[in-house]
Amino acid sequence: MKNVDLHHGAASDVGLVRKVNEDSFLVAPPVFVVADGMGGHSGGDVASQMVVEEFQRLAESYDPTRGAEQVADTFARAQARIIDFGNAHRAMTPGWHAGTTAVVAVLVDDNGVAKWLLANLGDSRIYRITDGSLEQISVDHSVVQELIDSGEITAEEAATHPERHVITRALGSPEGIHPDFFLLPLGSVERLLLCSDGVTGMIEDKEIEEILETVADPRDAADRLVRAAVAAGGRDNATAVVVDVVGLVKDASYDSQRQLESLESKLGGRL
């Protein structure tokens, strides 16, 4: 993966309502993570940090030819830690809970071809920008998403539904974890966004698309997304990680010499 050059940025804010930021994130190329904890102080914040710690361990010895296996193993280690952590606390405080969502992006070597392997649990999201358009890659693991899929409510109705914050899969769940995985060609992603629902719950996809399309530097783009979510009300912790593959960003003002190199050239013509 050393032939693939990435630019990235990240930002996180506690928001205007919560007292503790239960979001955690990791930027350790080629491993990127956003986790949104649940359970309050000493619950959700610890659970999300456990996920980040386990993926940091992965990043330190990552083998891109075994990406899917290693990501699955890392999820399992994080799940075991969160379950043990919860059991210990519930022994003293019945009903106590700790859990977290997670979205993960890693570069993998698929028979000599670099690709994105994406994974999610919960309602944090993964988006991509391709040909000037925003597309949500992950599918929310939530009650309202199930209602949308069954045709019982519309996406617009989901935004105000009383169960819009109830998720159906998460790390820390006693029922176990069942992450979704997505494998995307590197060339199909100009810009990648991982974010918590503190961003998507506050600003519309149209505004997310506009920011990702107009702000060239991924560091500034991540900051703009989080600031927009806070400005819109900041009802939740907001976290965004933005990743660009060099050679695909349309605006060459950020590190232009490297961005002008084509992706094919960067990968030695393997795509």
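Numbering starts at 1 and runs along the sequence shown.
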Identify, with sequence neighbours excluded, every residue that meets side chain to side chain contact (heavy atoms under 4.5 Å, CB included) alongside R128. T130, E135, I137, L184, S188, V189, L192
D110 side chain vs V113 backbone, donor-acceptor pair below 3.5 Å: no
Are V230 and L225 connected in the hydrophobic side-chain network, where two residues link if heavy atoms are under 4.5 Å apart? no
Side-chain heavy-atom pair D123, T168 within 4.5 angstrom cut-off: no
For I203 and A228, which heavy atoms make the closest approach, and how far apart are they? CG2-O, 3.7 Å
V245 and W116, any side-chain heavy atoms less than 4.5 Å apart: yes
Between S24 and S48, do the side chains contain a donor N or O and an acceptor N or O under 3.5 Å apart? yes
Interatomic spacing from CE in M50 to CG in D45 - rounded to 0.5 Å: 10.0 Å
Q79 (side chain) donor-acceptor with G172 (main chain) under 3.5 angstrom: yes
Please answer whether the main-chain N or O of V243 pairs with a side-chain N or O of R191 as donor and acceptor at a distance below 3.5 Å. no
Can you give me the closest heavy-atom contact between S12 and N21, atom names plus distance? OG-ND2, 3.0 Å
Validation row: S138, Y127 side chains within 4.5 angstrom (heavy atoms): no
Under the salt bridge (Lys or Arg N to Asp or Glu O under 4.0 Å) test, which residues partner D13, sequence neighbours left out? none
Are L183 and V71 joined in one hydrophobic group, where the rule is that I, L, V, M, F, W and Y side chains link up if heavy atoms are under 4.5 Å apart? yes
Ignoring hydrogens and angles, tell me if any N or O in the side chain of N237 forms a donor-acceptor pair with the backbone of V14 under 3.5 Å. yes
One should read off an interatomic distance between Q70 CD and T74 OG1, to the nearest 0.5 angstrom, of 6.5 Å
With a 4.5 Å heavy-atom cut-off, do V103 and L118 have their side chains touching? no
Run the side chain to side chain contact (heavy atoms under 4.5 Å, CB included) test against V27 and tell me which residues pass, sequence neighbours left out. H8, A10, F25, P29, F32, V241
State, to 0.1 Å, how close R77 and R57 come at their nearest heavy-atom pair, and which atoms those are. NE-NH1, 3.7 Å
Considering all heavy atoms of both residues, which atom of A35 and which atom of T100 are nearest to each other, and what is their separation? CB-OG1, 3.5 Å
Partners of D180 by side chain to side chain contact (heavy atoms under 4.5 Å, CB included), sequence neighbours excluded? N120, H141, R169, F182
Taking side chain to side chain contact (heavy atoms under 4.5 Å, CB included) as the test, write out the residues that go with E69, two or more places apart. R66, D73
Could you verify whether a donor N or O on one side chain and an acceptor N or O on the other, from D23 and S196, lie under 3.5 Å apart? yes
So which pairs with a foot in residues 71-90 pass ring pair (Phe, Tyr, Trp, His ring centres under 6.0 Å), sequence neighbours left out? F55-F75, F85-H89, F85-W96, H89-W96
Check whether any side-chain heavy atom of L193 sits under 4.5 Å from a side-chain heavy atom of I126, and report yes or no. no
Verify side-chain hydrogen bond (donor to acceptor under 3.5 Å, both in side chains) between T65 and D63, making sure each step is shown before the conclusion. CA-CA 5 Å; T65 65; D63 179 356; 2.7 Å; yes
Before accepting this row, confirm whether a basic side-chain N of the pair R125/D140 lies closer than 4.0 Å to the acidic partner's carboxylate O. yes
Below 4.5 Å, heavy atoms only, C-beta onward: do D236 and V17 meet side chain to side chain? no
Rounded at 0.5 Å granularity, tell me how far CD1 in I208 sits from CG in D205. 5.0 Å
I'd like to know whether D223 forms a salt bridge (charged side-chain N to carboxylate O under 4.0 Å, His left out) with R227, so could you lay out the CA-CA distance, the side-chain angles of the two residues, the decisive distance to 0.1 Å, and finally the verdict. CA-CA 6 Å; D223 184 63; R227 285 193 288 115; 2.7 Å; yes
Answer yes if the side chains of D36 and T239 hold a donor-acceptor pair under 3.5 Å, and no otherwise. no
Note, Q49 side chain near E53 side chain (heavy atom, < 4.5 Å): yes
Do L171 and T101 have side chains that approach each other closer than 4.5 Å (heavy atoms only, starting at C-beta)? no
Quick one: closest heavy-atom pair of A240 and V226, and the distance? N-CG2, 3.8 Å
Note: E190 and D131 closest approach over all heavy atoms is OE2-N, 2.8 Å
Please report the C-alpha distance between L194 and V242 in whole Å, then the side-chain angles of each, then the deciding distance to 0.1 Å, and finally whether the side-chain contact (heavy atoms from CB on, under 4.5 Å) criterion is met. CA-CA 7 Å; L194 286 69; V242 178; over 6 Å; no
Test: E210 and K206 ion pair at under 4.0 Å: no
Would you say V46 ends up clustered with V20 if hydrophobic residues are merged whenever their side chains have heavy atoms under 4.5 Å apart, either directly or through other cluster members? no
